[in-house]
Peer 1: 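Here's a structure for you.
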Number of protein chains: 2
Amino acid sequence: MPYDPSAFPPFAVTVDLVVLTVRRHALCALAVRRGEPPFQGRWALPGGFVRADEDLAQAAARELAEETGLRVHDPAVPAQDNGAHLEQLATYGDPKRDPRMRVVSVAHLALAPDLPAPRAGGDASNARWAPVEELLQQGGYGRDGEPVTPLAFDHAQILADGVERARSKIEYSSLATAFCTSEFTVGELRRVYEAVWGVALDPRNFHRKVTGTPGFLVPTGGTTTRQGGRPAQLFRAGGATLLNPPMLRPEV
Amino acid sequence: MPYDPSAFPPFAVTVDLVVLTVRRHALCALAVRRGEPPFQGRWALPGGFVRADEDLAQAAARELAEETGLRVHDPAVPAQDNGAHLEQLATYGDPKRDPRMRVVSVAHLALAPDLPAPRAGGDASNARWAPVEELLQQGGYGRDGEPVTPLAFDHAQILADGVERARSKIEYSSLATAFCTSEFTVGELRRVYEAVWGVALDPRNFHRKVTGTPGFLVPTGGTTTRQGGRPAQLFRAGGATLLNPPMLRPEV
DNA sequence: GATCATAGTCGTCTGCCTGACGATAAGCAC
DNA sequence: GTGCTTATCGTCAGGCAGACGACTATGATC
């Protein structure tokens, strides 16, 4: 049976990225300013077309590198530094989600340690880390005093789904370490949980939990005082990826 | 800026379905026989092209209805009978996954109660429920004595991902009730867990757990002896969708 | 109709984990 | 040193899960 192009409607396929990090005790996402219609001047998630010979994960990794310079953490190299976690999130294909044409977007979720500064094709004014709370807010004014405009397209929904995925996934996996630098303290890891969940956790119980879970953390031997106070032991993420029993998210 | 079709490569977009049910104490998936190349004569997951004016979820629901006659359970109508659960699973877009052209497939996961018989365009010999273990098996012979051939395309991977999603999701949600008819007993629900996880559960502890979780089960007042033995209370799925604390899957 | 097999339901006990919280340790700023 | 900060160890009570005993109510079989 020959290939019949009339048998199916053509789609454009893109990848959109929810890139999350923790800055100043807040969960932040990478946003880029749109330079062209539709939604010109509005903030959006980074993303772009999937190329003809490219896998979806490749396209997402390429976009991530283009926007942030981050390489993707290869699970086969556990000790790799500064690698970001990247996973597929969900696919959005409402016929009206892009007014120009039929676009199906495969959204990906990336988790990264706090980065120096975003870059978007070298133009820093067109990319920023913004607290997800602010990006998802409806109306009102941001902390910079500018009026808040909703994200372009259906990106608010995509961002909300990504945040929810991250929030639930750090419960039962060691994914929270993806927000930390290669060596980190128990307190730093706890502040990641607190920022992502937006709650306060008991330092003593948290310490007991993470140090008591085999394979979660491995001590490097060093200590640091970069958080002030008594010197804290430094750890690296252990090989365990699943937390059993899970970290319990407090009721809100 | 005008719409420029040359700016992106065209893709075909399909939905593929992992339809799971529990039959005779085994987790089974719906498979259809391919009538045309590539992989002619091989078993595959049901699916088809997304139409030009159709949302992804609509396309998946349409395919599900075409293959099984099942309607999708609407969460707004909790008491609806025989509705299947349908959710997006993941998207597969390797450039070589279909030798004919560039196809991106948005896989969906459907959970259904045991059904009378599959239908595939009215031709029953081209559709069947098969134990997932058999569909995922590499080589050897099936229980009908025929040699086992792998599923077409990357459908073995898609099926494995769907099964894994179902296995993990019944831990912390009330999704296992989607495998049951509208009224069911605690024992029937337990056999669902046992079939999906492939383990044996203690009937007494299971009973305590599910009846003690508020909102999970609501008694209908009736009883049944359809499983033999002492009459069992009939229940309907309650409004709760999340199980907290979750059902614990025994170590293997 | 007695006996048996089958499934359902209620309890008990023990160990583990969590949440609450006291106490101590070890840095820095003054 | 005093005070402040963060880290770390310990204790205790309550809740939940696994193991398992006991009892109940059907249908099947003799």
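Hydrogens, waters and symmetry mates are skipped; everything else that's a heavy atom, side chains included, is used. Here is the naming used below: chain letters follow the sequence lines, and residue numbers restart at 1 for every chain.
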Peer 1: Rounded to the nearest 0.5 Å, what separation is found between the OG1 atom of B/Thr149 and the CD atom of B/Gln138?
Peer 2: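 It comes to 11.0 Å.
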Peer 1: I'd like to check the side-chain contact (heavy atoms from CB on, under 4.5 Å) partners of A/Pro231; sequence neighbours left out, ordered by chain and number.
Peer 2: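 Result, side-chain contact (heavy atoms from CB on, under 4.5 Å) vs A/Pro231: A/Thr223, A/Thr225.
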Peer 1: Return the value, rounded to whole Å, for the distance between atom CG of B/Asp202 and atom P of C/dG8.
Peer 2: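 Atom CG in B/Asp202 sits about 13 Å away from atom P in C/dG8.
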Peer 1: Check whether B/Trp43 forms a cation-pi arrangement with B/Arg128 (NZ or CZ under 6.0 Å from the six-membered ring centre, at most 45° off the ring normal).
Peer 2: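 Yes, a cation-pi geometry.
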Peer 1: Show the distances under 3.5 angstrom between N or O atoms of the protein and N or O atoms of nucleotides 23-28 of chain D.
Peer 2:
from   : atom 1 : to       : atom 2 : distance (Å)
D/dT24 : O2     : B/Arg230 : NH1    : 3.0

Peer 1: Taking only the side-chain nitrogens and oxygens of A/Arg226, find out if one of them lies under 4.0 Å from OP1 or OP2 of C/dC28.
Peer 2: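 For C/dC28, OP1/OP2 do not have a side-chain N/O of A/Arg226 under 4.0 Å.
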Peer 1: Rounded to whole angstrom units, what separation is found between the CZ atom of A/Arg190 and the P atom of D/dT6?
Peer 2: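 It is 9 Å, rounded to the nearest whole Å.
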Peer 1: Is there a side-chain contact between B/His207 and the phosphate of C/dG8, meaning an N or O under 4.0 Å from OP1 or OP2?
Peer 2: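 Answer is no, no contact under 4.0 Å.
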Peer 1: If you define the side chain from C-beta out and look only at heavy atoms, does anything of B/Val163 sit under 4.5 Å from B/Arg167?
Peer 2: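 Yes - at least one pair of side-chain heavy atoms lies under 4.5 Å apart.
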Peer 1: Assess, by modelled atom type and distance only, whether the side chains of B/Tyr92 and B/Asp16 contain a donor and an acceptor separated by less than 3.5 Å.
Peer 2: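 Per modelled atom types, B/Tyr92 and B/Asp16 side chains form no pair under 3.5 Å.
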Peer 1: Which pairs, protein N/O on one side and nucleotides 10-17 of chain D N/O on the other, fall under 3.5 Å?
Peer 2:
from   : atom 1 : to       : atom 2 : distance (Å)
D/dT11 : O4     : A/Arg208 : NH1    : 3.4
D/dA17 : OP1    : B/Lys209 : NZ     : 2.7

Peer 1: Check for me whether the distance between the ring centres of B/Phe235 and B/Phe184 falls short of 6.0 Å.
Peer 2: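 No; B/Phe184 has its ring centre 6.0 Å or more from that of B/Phe235.
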